Asks: 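Below you will find the structure I want to go over with you.
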Amino acid sequence: TLGEGELAGALALAPNGRLVVAAVEATVIAWKTDTGEESWRRPVGAVVRALAFSADGAALAAASDGVRVLSAETGEEIQKLPAQEAAAVAFAPDGASLLAAGPAAIDRWDRTTGKATVVAPIVASSLAISADGARIAAGGADGQIHLVDAATGAEVWSKPELAAATTVAVAGKLVFA
């Protein structure tokens with residue numbers, strides 16, 4: 001349970017709907033959705049700004065002092081990527097890489113090599129990737145929603161009138177802000 005005055009800074013629901021995870025300061029807590037029973041609790045060393053499950057639900061990314069990839073089942077740390085100051089994270093559909101919105105760009109981190117490549121020079125506070133991995137939606141620090149081609153990094157479009165959007169989601173060919 002959350003203590004009095006504690007607020008969840010980030011939330012994620014497992015793709016199968018069986019686990020809900022919250023970040024409270026520098027701790028990630030998971031609960032079973034059918035019973036509300038705490039499944040695990042993991043201190044991660046720094047304030048967690050964002051959480052995201054892999055498409056298969058096996059891994060959870062937590063953006064804190066780098067991006068920590070945790071086992072969704074146990075909370076054990078599987079990997080730590082040096083994505084400093086990441087404000088948002090999203091797994092690629094195949095789970096082989098993940099996106100992190102850093103202080104200067106959206107980077108794609110290869111989970112095998114631990115190396116990053118710049119996808120787009122957009123400073124974002126939220127990220128989503130389409131189920132086929134072809135498009136990335138980013139809620140930009142510039143107050144715009146950006147839709148980016150994931151393969152080339154080219155901006156497909158941006159919408160300045162959505163300046164108040166802080167969360168984005170991609171469903172098929174629609175972007176929700």
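Being a predicted model, the structure only gives us computed values, none of them experimental. Positions are given from 1 along the sequence.
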Asks: Would you name the heavy atoms of Gly133 and Pro93 that are closest together and state the gap between them?
Replies: N-CG, 3.5 Å
Asks: For the pair Ser64 (side chain) and Val47 (backbone), establish whether a donor and an acceptor sit closer than 3.5 Å, ignoring hydrogens and angles.
Replies: no
Asks: Of the non-hydrogen atoms in Pro160 and Gln144, which two are nearest, and what is the gap between them?
Replies: CA-CG, 3.6 Å
Asks: Heavy-atom count around Glu77 CD within 6.0 Å, excluding the residue itself: above 12?
Replies: yes
Asks: For a quick test of reading the model, state the closest non-hydrogen atom pair linking Ala88 to Ser126 and the distance between them.
Replies: CB-CA, 3.6 Å
Asks: If you look at every heavy atom in Ala83 and Ala100, which pair is closest and at what distance?
Replies: CB-CB, 4.0 Å
Asks: Salt-bridge test for Glu76 and Arg42: reply yes if a basic N is under 4.0 Å from a carboxylate O, no otherwise.
Replies: yes
Asks: If Ile, Leu, Val, Met, Phe, Trp and Tyr residues are connected whenever their side-chain heavy atoms lie under 4.5 Å apart, and connections chain through other members, are Leu51 and Leu13 in the same group?
Replies: no
Asks: What is the minimum heavy-atom distance between Thr33 and Val20, and which atoms define it?
Replies: CG2-N, 3.8 Å
Asks: With rounding to the nearest 0.5 angstrom, report the OG1 to CZ distance, Thr35 to Arg18.
Replies: 12.5 Å
Asks: To the nearest 0.5 Å, tell me how far Thr117 OG1 sits from Ile106 CD1.
Replies: 12.0 Å
Asks: Between Trp40 (side chain only) and Ala72 (backbone N and O only), is there a donor and an acceptor less than 3.5 Å apart?
Replies: yes
Asks: So how far is it from Leu60 CG to Leu19 CG, rounded to the nearest 0.5 Å?
Replies: 8.5 Å
Asks: Measure from the side-chain N and O atoms of Lys80 to the backbone N and O of Asp65, and report whether any donor-acceptor pair falls under 3.5 Å.
Replies: yes
Asks: Under a 4.0 Å N-O cut-off, is there an ion pair linking Arg135 with Asp132?
Replies: no
Asks: Give me the atom names and distance for the closest heavy-atom approach of Leu81 to Gly114.
Replies: CD2-CA, 3.9 Å
Asks: Checking side chain to side chain contact (heavy atoms under 4.5 Å, CB included) between Leu98 and each of Ile129, Leu127, Val67, which is the one that passes?
Replies: Val67
Asks: Report the C-alpha distance between Arg111 and Gln79 in whole Å, list the side-chain angles of each, state the deciding distance to 0.1 Å, and finish with yes or no for side chain to side chain donor-acceptor pair (under 3.5 Å).
Replies: CA-CA 8 Å; Arg111 292 190 56 211; Gln79 182 176 33; 3.1 Å; yes
Asks: Please answer: with hydrophobic residues joined when any side-chain heavy atoms are less than 4.5 Å apart, are Phe91 and Trp109 in the same cluster?
Replies: yes
Asks: Check the pair Leu99 / Val89 against side-chain contact (heavy atoms from CB on, under 4.5 Å), numbers first and verdict last.
Replies: CA-CA 5 Å; Leu99 302 172; Val89 289; over 6 Å; no
Asks: Atom CG of Leu70 and atom CD1 of Ile78: how far apart are they, to the nearest 0.5 Å?
Replies: 7.0 Å
Asks: Using a 3.5 Å distance criterion without hydrogens, assess whether the side chain of Ser54 forms a donor-acceptor pair with backbone atoms of Ala59.
Replies: yes
Asks: Taking NZ, NE, NH1 and NH2 as the nitrogens, is one of them in Arg41 or Glu38 under 4.0 Å from a carboxylate oxygen of the other?
Replies: yes
Asks: Report yes if some heavy atom in the side chain of Val21 is under 4.5 Å from a heavy atom in the side chain of Trp31; otherwise report no.
Replies: no
